[in-house]
There are 2 protein chains.
Amino acid sequence: MDVDALQRTESTFALSNGHIGMRGTLEEGEPRGLPGTYLNGFYEEHELPYAESGYGYPEAGQTVVNVTDGKIIRLLVEDEPLDMRYGEAVAHERILDFRAGTLTRNTEWCSPTGRRVRVHTERLVSFTQRAVAAIRYEVEPLDDDIQLVVQSDLLANEPIDSDTSDPRVAAALQSPLVAEFAAAKDKHAVLVHRTRVSGLRMAAGMDHQLETPDGLRSNIHTEDDLARLTVAVDVPKGHRLRLTKFLGYGWSAKRSTPALRAQVEAALAGAVQTGWEGLLGEQRRFLDEFWQTADVELDGDPELQQAIRFALFHVLQAGARGESRAIPGKGLTGPGYDGHAFWDTETFVLPVLTYTMPGAARDALRWRHSTLDLARERAKQLGLRGAAFPWRSINGAECSAYWPAGTAAFHVCADIADATSRYVAATGDVAFDREYGTELRLETARLWRSVGHHDRRGGFRIDGVTGPDEYSAVADNNVYTNLMAQRNLWEAADACERHPEVAERFGVDAEEIAAWRRAADSMLVPYDEQLGVHQQAEDFTEHLDWDFDGTPAANYPLLLNYPYFDLYRKQVVKQADLVLAMHLRGDAFTPAEKSRNFAYYEARTVRDSSLSACTQAVLAAEVGHLQLAYDYLAEAALTDLHDVHNNVRNGLHMASLAGAWQAVVAGFGGLRDHGGELSFAPRLPAALTRLAFRMCFRGSRFSVRISGDQAHYRLLDGEPLELMHYDEQVTVDGEGVTMPVPAIDAGDPPTQPTGRAPSRRPAPSGK
Amino acid sequence: MDVDALQRTESTFALSNGHIGMRGTLEEGEPRGLPGTYLNGFYEEHELPYAESGYGYPEAGQTVVNVTDGKIIRLLVEDEPLDMRYGEAVAHERILDFRAGTLTRNTEWCSPTGRRVRVHTERLVSFTQRAVAAIRYEVEPLDDDIQLVVQSDLLANEPIDSDTSDPRVAAALQSPLVAEFAAAKDKHAVLVHRTRVSGLRMAAGMDHQLETPDGLRSNIHTEDDLARLTVAVDVPKGHRLRLTKFLGYGWSAKRSTPALRAQVEAALAGAVQTGWEGLLGEQRRFLDEFWQTADVELDGDPELQQAIRFALFHVLQAGARGESRAIPGKGLTGPGYDGHAFWDTETFVLPVLTYTMPGAARDALRWRHSTLDLARERAKQLGLRGAAFPWRSINGAECSAYWPAGTAAFHVCADIADATSRYVAATGDVAFDREYGTELRLETARLWRSVGHHDRRGGFRIDGVTGPDEYSAVADNNVYTNLMAQRNLWEAADACERHPEVAERFGVDAEEIAAWRRAADSMLVPYDEQLGVHQQAEDFTEHLDWDFDGTPAANYPLLLNYPYFDLYRKQVVKQADLVLAMHLRGDAFTPAEKSRNFAYYEARTVRDSSLSACTQAVLAAEVGHLQLAYDYLAEAALTDLHDVHNNVRNGLHMASLAGAWQAVVAGFGGLRDHGGELSFAPRLPAALTRLAFRMCFRGSRFSVRISGDQAHYRLLDGEPLELMHYDEQVTVDGEGVTMPVPAIDAGDPPTQPTGRAPSRRPAPSGK
């Protein structure tokens, strides 16, 4: 096995239900990359240092904590610890099963002294019992009778290597857990810890079932940071040792140690009662339901077919059971970005969940709603009205220490409002719209009304903010921001008119609503008449072009080799910004503008972010550059599987995984949902013979199948739906409807900066 | 005495020659505010922390170090330490004598047990022997015979209270000196130390002369961080104890301990040989010469008369003997700004020195020249050509940890070039022009050529930089920056053509010079046609006006109560920016533009910086608002004496002190020097009956006297001079020439932001 790749595969093989996350570390603990077990929302706090501080700079940072590790099951084979670095791995495979929701492993290992065993493990983090994970562990001697000793641990304060250069952060994360309670009896143990600074409390418990030949000796004991069940047994050839380990996790900012202990023991009791087979069964039923709503079939490219399912599976894992917690940028697959959630969630991940698992989208938005008081406080601190959501956070408080690319990126607020509107339109969830959605949108509308102002000629300006492109900052009238704010203002006005009682509760009167509409209606959108393209932000097209020819390949990503000063003042784009505006606010651009803009920004976009290829795929497809769209789809879908950005060790990129879905469904499927209306404009690249995907909308499930010059829409269950196919309205029912796909001639594809074209994805062999 | 005010008066009474600085701490060491002895260029280094780091961020900070304190002379009066907090100060005064160059003190003190003594001290930091300071210390019993014990110390690693919140900086400055050598003999001692991280080495030595009645016992000893001469003697009433303490200081980054020791002992030997009276005499002759070139007489306002001489004296102290070291923002009067030098020096301080003590201006520019290699390296790191001088530094390396208001403020480079051109024009120093000035200007011209670019229409843009106003940042085409860069480019081209051999040495060819001229000639200067005013930077006048009416007085300075985000995106100006451009590049504006611009920016400038009132005074005077100019002059001149910004404890504001001279000479005198030609446009406010000042230009000294509606120019020595008086050329010779002052009707004065008008300075009583 490739031990060096362990850190990466620990991310790839991570299991999660959105509440508990377990990296794909080998059961025996070592060799290991970066072991990690995470509980959504559980973090440690540390001071944020500034050499030159400023008003409103966040003082406290938050970092996800590696909690008590329950994955560990160590094995001694006749005194020799199973360690893949020694002896010989005769066979070894790991399988992440998207249908079963399990990670299985089959290893045949020959110890340095020549003893051979076969180890089979299977683990799951339960989608149905959110506090529960379980591991089935089997060992079979392949030679003579062998003495096996198994140690099943709960291990707190596991030593990990930290990437941070800040000694204070490193100190906060070295042994972050303070022991509060430990107890063990029979095959059952619980440890309770709390964090030193943030004062959050967590409990981890384990219980076991054993199936062994006779003669077993077992023993359990605890220390502050360790609970261990030890089992020693002689196993004859042809027999095996089978251990089932049930894990329960819980955390709370408020509950006491006895309460948390009880909570975890109750979860364990439930899991044991359900049993291993029961958990497996529930898991499969949950996933069957998911895939029936969400599956994407791509004929003609088996690798992409696998990648898109991998992507959907991980997006599901990140969002399924978050339940009023954030969906972090890395899900619960690794410690990257400190475990923070960003705008990625609302802009890239939630659209996928909205159309495939709307309850998860709702829960993620409820997390935002639960942080509204912090966001209102932050707005006030910044001299603004309404709510200013954080650029990066775990608990809802701003943790971004560099304000030009953090606090100034207010578009996150419009992104949240947009995700809210999309969810409400896609589900017709009136209760949510009233209880949560209206408040989210009216508070963000207030923010925009106070961030922007009407100029002397009446135009509404939003000055000094940062759009999605992190190679520009603190600019005036960023088109993406302005257009998203415009929609935010309109949607807030509509929501307040739909729910006058909510509007009244928050003191929104007719005058305020009129002011929102006036601001939105007169929103400025900078356009360069001479070049015939939109300006990413005011004066953008006047800036110097980046010297791409003079930039060696080794100097990417640029931010590691050039100062912000140089990046900000030039026409170089890290990630889709104006192009993202053309996706999400495609209703604000003509087709001709889209083509010209796409070509202009394509030549200036370097994709130093994982949040870019997917959007470029969507727009490339729309303007008709289908091979280019296909190339970008492949880049987005394979970002993590091929470790394109060389940082998968810190976790998977949820937004890029979700972006793969967007590239397929919004790209080749042409899905748009402006104003809550679904429309499709499907068109396939040459390499794909057929694309099929499923979605749900207002409680109805339907499928879209595209092949050649036809698209077929069919209702799977629920009420018939009205959709747009290109400019035609179609009614989708159980019979299905087939529509022609018009041809397009987009002309020559645009060019990218020197050396930054996506890999040309060849038609798969055999086609 | 007001013990609480000690920190402030320690700054006010600081003595310095530009090489050694001694705060005005009482000799007996306590009570004390913030004791400080500084050697220009001597600093400790510490890590600069970043919660989110970026390419090109400086890693090391520099902080001025309180070196071995030689001022301390402790007194025991019959076992009772002289301490102004105990007993009674029957009389106490301190006098900073601008003519003598000394700080004297007369204290009559009654001990808690009723013993009375009179203490007279006088100290100087020698302008003529730059490594030397000296203290005359006299005690006279006022009652019976009294036993006096005097302890004269050299004290290293004096404990001081640090303002910093960064533990790493605090640690660096707590006991920064590592002992290397100590020796004492007779009345003479030397201590040698070095800094822990920066590895700089310093030596301090002392020698003494004693005049006492008989029966003296004295003793000297040293420890690592202390050398002490102890003198015990019975002094009869009517007699006194007189101690003269000579101090020698030296530091080096390269010289060894024995070499430094020798250097300091040689300085001491010279001082002792000159003797106290000799040092006093040299000091007075030096100052006589200075005041003959530099004095400013203001009739009608005795407080301002004192303030302007206080200002000139401290500017002299900061610059006199810096000799190829920087002139820090606080001079050597305190630890404020970490002891860093900024653009203030070139823009505010050097013009004063250029016309009053040109050698000091030359030396300060030679310091910049000596850092050119670091500046070239920095430019390269930033992807630029030429030289990028640091925003703040002690040794020439960038120490600014917040790039939008540091690195991005490239105008410092044009400010250095401008100071260079001014010095060369004012002195005709061809050797300097060739050896130093041309290189300074060509490397900064290269910088501008690479920071800016020609747009599609040929205009030269400078995007993404920060001008003087720190409430705006990272903007396009800041008028101040563009106009100063324009002059820089022109001056560099001229210098290279004057010195083709220098141009050749640096590879400047005709093509490069032509490119500089082309850039300068097509420099963009944003102007708002609709409002008829220049834009501080592109689109500035489109931004939202700050809500001054809604800003309570307690919220100033704004940067402590509002985020940069909010300040940057609105029309609120911390300090003269466009208005400073109208002073330094007045040749680029019409009189009508100046009036309109002044009124426009006056209404938006809050003066949260000490670098503003003086420039506002200059422009107010030019456009004819003479009372307003007078108010601003008073604010600038009294900034430190009245502690307007409540931070004089950390040192005096050299730029504001120099600005007081600018307000008088460039304001009411109307001095301008565009293109190296001197012109005056004098005009007095009602409160002043007469203004007279002196200057030197191309080796000639002349005086300008303005009273009522006449101005009189007279040569004091040297060759006759050609000047402009308003639009008329005048020849100034020993006869003098009297010219009429035209009347001006400027209309109503402009308004300032709510509550931010300068204090109205009434006509002094008795007038």
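Residue numbering restarts at 1 for every chain, and letters A, B, ... go by the order of the sequence lines. Note that this is a predicted model, so its numbers are computed, not measured.
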(request) Give, as side chain, backbone, both or neither, the part of B:S53 having an atom under 4.5 angstrom from any heavy atom of chain A. (result) backbone
(message) Please report whether the ring centroid of B:Y402 lies less than 6.0 Å from that of A:W403.
(response) no
(request) Give the member of A:T541, A:N561, A:D547 that has the highest number of heavy-atom pairs under 4.5 Å with chain B. (result) A:N561
(request) For chain A, find which of B:P404, B:G464, B:A475, B:A401 contributes the most heavy-atom pairs closer than 4.5 angstrom. (result) B:A401
(request) With rounding to the nearest 0.5 Å, note down the distance linking OG1 in B:T407 to OH in A:Y564. (result) 13.0 Å
(request) Sort by residue number and list every member of residues 450-462 of chain B having a non-hydrogen atom under 4.5 Å from chain A. (result) B:S450, B:V451, B:G452, B:H453, B:D455, B:R456, B:R457, B:R461
(request) Could you check which of B:V474, B:L559, B:L531, B:D566 has the highest count of heavy-atom pairs closer than 4.5 Å to chain A? (result) B:L531
(request) Write out, in numerical order, the residues from residues 377-390 of chain B with a heavy atom short of 4.5 Å from a heavy atom in chain A. (result) B:Q381, B:L382, B:L384
(request) Might you point out which heavy atoms bring B:D463 and A:L544 nearest each other, and give the distance in Å? (result) OD2-N, 4.4 Å
(message) I'd like to know whether the aromatic ring centres of B:F565 and A:F410 sit less than 6.0 Å apart in this structure.
(response) yes
(message) Under 4.5 Å from any heavy atom of chain B, what part of A:L560 do you find: side chain, backbone, both or neither?
(response) backbone
(request) Heavy atoms only: give me the nearest B:H543-A:D476 pair and the separation to one decimal. (result) NE2-OD2, 2.6 Å
